[in-house]
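Everything on this sheet refers to the single structure shown next.
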Amino acid sequence: MPSTKSAPSSSLFVGIFIVAVLTLAVTVYCGNLTGRFGNSHKQQEAGKLLKELPMTIGDWVAEKEELLPKTDVDQLEIENGYICRRYRNSKSHSEVFLTLMVGPTGRIVVHTPEFCFGGKNYTKEEGRTPVSFPIVAPAANAPTDDTFWQVNFINKDIQADKISFYYGVSTGQTWVAVENPRSEFSRYRFVYKMQTEALGAASGTADVASAFLTDALPTIHKHLLACE
C-alpha cells in the first residue's frame, strides 16, 4: 500500500529547497552590495590605476595627496582605492577638491554631499540638477556625455560663502547621475564615485568646478577599468 506521507514530505523538501535558494540569492546580492566577500583582484587593479592619476592635468596642479578620515575609509572599505587632492589652476589660481574612489557599490553610492554635508554650517541652496559634459572620444555605440549631479550649499552665517559640488557614479565607462544608484548598479560588485568641490564667492563657484571637470575628464577616463 502506498504511503500517504510521501506527498507531504516531498512538498516539505521542495519548500526547504526553495527557501535555501532564495536565502543564498539574497546573501550573494547583499554581499556584492556591501563588499562582504572582500575586494576582487579587478577592484584592486582599479584602485592602483586610480592612484596613478597625474598630479598635473593641464593647468591644474595638485601638490600632495590628502587623506580622508580613517573612519570614512573603513566604513566605505576604500583603503588603497581612493585619491583626495586639492588641484590649483596655475593661471586663474582657482582651487578644486577632487575625491575619486572605487569600492563596494552599496557603501559608496549612498554617500552624497546632501547626506554627508547637510549637517555642517551650510544649507542646500536648491535642488540638485544634472549637468552634462561632452566626452572627447566616445567609444562606439556608447553615450557621448558624462553627467553629474550639481548642488550648491550656502554658509548659514556668511551668505557670500558658497560650496559647489559635482558628483556622479561610473562603472568604468561614462559618468552618470541617477536617482537610485543603489538599485541601478546593484549587479556590480564595485563602482567608481567622483566628487568635485569648489569653495569661494557665491558667484562663479560652480563654474570653477565645471572648468576643472572639462579639463580633467579626458585624463580621468584613462584611469578607469570596467567594473564587475
Legend entry - Test applied, side-chain contact (heavy atoms from CB on, under 4.5 Å); reference residue, Tyr167; option that passes from Glu114, Lys193, Glu197: Glu114
Legend entry - Asn89 (side chain) donor-acceptor with Lys91 (main chain) under 3.5 angstrom: yes
Legend entry - Main-chain N/O of Ser183 paired with Ser186 side-chain donor or acceptor, under 3.5 Å: yes
Inset, instruction - Could you tell me whether Gln173 atom CD has more than 12 heavy atoms of other residues or ligands within 6.0 Å of it? - result: no
Inset, instruction - Verify, without hydrogens or angle tests, whether Arg182 (side chain) and Val109 (backbone) share a donor-acceptor contact under 3.5 angstrom. - result: no
Legend entry - Salt-bridge criterion met for Lys222 and Glu52 (N-O under 4.0 Å): no
Legend entry - Val110-Met101 co-clustered via ILVMFWY side chain contacts under 4.5 Å: yes
Inset, instruction - Dump the intermediate steps for side-chain contact (heavy atoms from CB on, under 4.5 Å) on Leu217 and Phe148, then the final yes or no. - result: CA-CA 12 Å; Leu217 277 171; Phe148 296 86; 3.9 Å; yes
Legend entry - By side chain to side chain contact (heavy atoms under 4.5 Å, CB included) - contacts of Thr174 (at least two apart): Ile135, Pro143, Asp146, Val176
Inset, instruction - Taking the side chain as every heavy atom from C-beta outward, state whether Met194 and Leu98 have any pair of such atoms under 4.5 Å apart. - result: yes
Legend entry - N-O pairing of Arg85 and Glu66 below 4.0 Å: no
Legend entry - Leu213 side chain near Val131 side chain, heavy-atom distance below 4.5 Å: no
Legend entry - Rounded distance (nearest 0.5 Å) linking atom CG of Asp72 with atom CD1 of Ile108: 13.0 Å
Legend entry - Nearest non-hydrogen partners of Glu179 and Trp149, listed with the distance: OE2-CH2, 3.5 Å
Legend entry - Pairs meeting criterion ring-ring contact (aromatic ring centres under 6.0 Å, His included) with involvement of residues 44-103, two or more places apart: Trp60-Phe212, Tyr87-Phe212
Inset, instruction - Identify the heavy atoms of Leu224 and Leu50 that sit nearest to each other, and give their distance. - result: CD2-CD1, 4.3 Å
Legend entry - Polar side-chain atom of Arg88 near backbone of Val61 as donor-acceptor pair, under 3.5 Å: no
Legend entry - Smallest separation among heavy atoms of Glu95 and Val208, with atom names: O-CG1, 3.9 Å
Inset, instruction - For Leu225 and Val102, run side-chain contact (heavy atoms from CB on, under 4.5 Å): C-alpha distance rounded to whole Å, both residues' side-chain angles, the deciding distance at 0.1 Å, then the answer. - result: CA-CA 10 Å; Leu225 295 178; Val102 58; over 6 Å; no
Legend entry - Shortest non-hydrogen separation from Pro218 to Val136 and the atoms involved: CG-CG2, 3.4 Å
Legend entry - Nearest heavy atoms of Val191 and Ser170, plus distance in Å: CB-O, 3.6 Å
Inset, instruction - Report yes if some heavy atom in the side chain of Tyr166 is under 4.5 Å from a heavy atom in the side chain of Trp175; otherwise report no. - result: no
Legend entry - Within one Ile-Leu-Val-Met-Phe-Trp-Tyr cluster: Leu53 and Leu49, side-chain cutoff 4.5 Å: yes
Inset, instruction - Enter the distance from Glu228:CD to Lys42:NZ here, rounded to the nearest 0.5 Å. - result: 5.5 Å
Inset, instruction - Could you go through the side-chain contact (heavy atoms from CB on, under 4.5 Å) check for Arg189 and Gln43 one step at a time? - result: CA-CA 9 Å; Arg189 293 186 63 184; Gln43 183 180 331; 5.7 Å; no
Legend entry - Contact summary for Gly172 and Cys227, nearest pair of heavy atoms: N-SG, 4.1 Å
